[in-house]
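So that the names make sense, note that chain A is the first sequence line, chain B the second, and so on, each numbered from 1.
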Protein chains: 2
Amino acid sequence: MPRKKATGEHDVGGRERLLAAAVGLFAVKGYAATTVRDILRAAGVTAPVLYYHFGNKEGLFLALVREGVEKVDAARLEAFKETASVVERIRRYCLANVAVRREFADLAWVVEAILSGPPEAAPPFDFRAIVTRMLRQLQDLVEEGVASGELRPCDPRHAVMVLIGFMEAASRPRLFEMAGLRADDLVEGMLSMVLDGLAGRVTQSLA
Amino acid sequence: MPRKKATGEHDVGGRERLLAAAVGLFAVKGYAATTVRDILRAAGVTAPVLYYHFGNKEGLFLALVREGVEKVDAARLEAFKETASVVERIRRYCLANVAVRREFADLAWVVEAILSGPPEAAPPFDFRAIVTRMLRQLQDLVEEGVASGELRPCDPRHAVMVLIGFMEAASRPRLFEMAGLRADDLVEGMLSMVLDGLAGRVTQSLA
DNA sequence: GTCTATACAATGATAGAC
DNA sequence: GTCTATCATTGTATAGAC
């Protein structure tokens with residue numbers, strides 16, 4: 001029999017039930033360790049529903065990843081849209097990035113698993129275009145800042161990597177919670193540190 | 001029949017053969033997607049050899065992870081040992097970290113998969129002690145630098161997170177190669193960027 | 001679009017000989 | 001310590017009714 005729906009749960013189709021169930025499971029168990037039966041049980045549907053909508057386990061996974069990529073990508077574009085100083089746009093970018101990753105935490109984990117996990121642990125998904133675009137956007141931003149004097153002269157590619165590493169660390173609760181930090185102040189604190197640098201005397205990073 | 005040994009291959013026991021085979025497979029396929037048969041075939045041994053030495057698949061995995069943790073940990077301690085300026089010790093730490101991760105690339109991947117991957121994707125391994133120690137060491141270092149004036153006054157915990165993010169990004173070939181960077185100059189380039197900061201006018205980080 | 005029932009390959013693991 | 005042979009279970013996926 002169809003699973004009893006929880007209180008307040010919409011009468012969504014099996015497709016959405018499956019997506020919702022799968023994202024949670026993939027996030028905590030990973031793709032390979034999550035069985036089709038796990039997903040079916042969590043979604044309260046039977047096997048043919050999955051195979052009807054997604055073809056197979058891999059299809060379900062890829063549908064999920066696409067959804068996640070779009071969300072991050074959208075937040076990114078949003079942050080770049082408005083005109084502001086370079087530093088301010090970088091700041092918005094980082095805040096937006098961390099914000100989406102927190103809002104769609106499970107989905108972010110699933111995407112992250114492909115980006116940084118073992119190459120063949122999950123179905124192949126080509127991120128090159130989207131990563132390249134991100135690198136390009138950030139590098140343009142840095143170059144603009146250097147040209148205008150807002151940023152210190154530097155190799156923009158190194159600067160981009162530093163920014164990426166910073167966002168990466170700021171998005172890992174398991175890590176920064178061990179350091180006794182809350183996500184709230186972390187981003188701003190780390191960002192000002194990245195901007196002003198660790199070493200040397202105080203240099204005001206301009207108003 | 002036992003697998004024919006490749007040229008120059010030592011006549012090591014099944015135990016070592018299994019460890020060597022497993023690390024490569026876990027690195028590219030992840031724990032869950034790597035089957036016992038995969039490992040056996042790659043190692044050229046039969047099933048009972050694995051179960052005799054490691055009890056089960058999980059035991060083999062954990063033996064591997066312990067080995068990896070020890071390697072990273074040893075490199076870390078080595079970097080802290082000699083007396084030098086704070087900046088120099090930070091520099092050594094980061095170089096050492098990236099160096100081990102490159103030397104034992106597969107092993108590093110396996111460890112990384114537990115640290116940053118889905119919580120239940122691999123057998124449970126308690127990293128808390130080791131991560132806490134790393135955070136502590138870095139934070140002490142930063143505090144020492146701040147006290148001596150070598151480092152800018154700051155929240156040491158934020159500084160530690162920035163350093164961790166930096167090392168993280170510097171250890172991900174798939175990422176920085178897309179930016180057209182080679183691992184060689186990357187660490188030094190990024191480190192000076194972290195020390196001097198992105199924003200503001202040039203501040204020499206002292207000799 | 002969803003169900004019941006099931007096919008069937010692959011999986012982790014073991015027994016018992018040597 | 002390693003082998004051959006095998007098991008019980010779980011895995012993905014499908015056929016066919018409604």
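Rounded to the nearest 0.5 angstrom, Leu115(B) CG and Phe125(B) CZ are separated by 9.5 Å.
Neither OP1 nor OP2 of dT2(C) sits under 4.0 Å from any side-chain N or O of Thr46(A). OP1 or OP2 of dT14(C) has not a single side-chain nitrogen or oxygen of Tyr51(B) nearer than 4.0 Å.
Ion pairing between Glu188(B) and Arg91(B) holds under the 4.0 Å rule for side-chain N and carboxylate O. Note on Arg152(B) versus Asp196(A): no salt bridge recorded, every NZ/NE/NH1/NH2 to OD/OE distance being 4.0 Å or above. For the pair Glu168(B) and Arg172(A), the salt-bridge criterion is met [side-chain N within less than 4.0 Å of a carboxylate O]. With respect to Glu103(A) and Lys71(A), no salt bridge is recorded, no charged nitrogen being found less than 4.0 Å from a carboxylate O.
Each of Ala47(B) and Gly14(B) lies near DNA chain D, and the nucleotide nearest Gly14(B) is the one positioned closer to the 5' end.
At whole-Å resolution of the value, CZ in Arg17(B) and C1' in dT2(D) are 12 Å apart. If you take CD of Glu58(A) and C1' of dA13(D), they are 14 Å apart, rounded to a whole angstrom. Distance, Phe54(A) CZ to dT14(D) C1': 18 Å, rounded to whole Å. Separating the CG atom of Leu50(B) from the C1' atom of dC3(D) is a distance of 15 Å, rounded to the nearest angstrom. Counting to the nearest Å, the C1' atom of dT2(C) and the CG atom of Leu18(A) are 11 Å from each other. Between Tyr52(B) atom OH and dA13(C) atom P the separation is 18 Å, expressed in whole Å. Rounded to an integer number of Å, the gap from Arg15(B) CZ to dT2(D) C1' is 16 Å. Distance CG (Leu60(A)) to C1' (dA13(D)): 14 Å, rounded to an integer number of Å.
In this structure, Phe61(B) and Tyr31(B) have perpendicular ring planes: the angle between them is above 60°, well past the 30° mark.
Side-chain contact between Phe26(B) and Ile39(B) is present, with heavy atoms from C-beta onward closer than 4.5 Å.
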Enumerate the protein-to-nucleotides 8-11 of chain D contacts in which both atoms are nitrogen or oxygen and the separation is below 3.5 Å.
residue, atom, partner, partner atom, Å
dG11(D), N7, Arg37(A), NH2, 2.5
dG11(D), O6, Arg37(A), NH2, 3.3

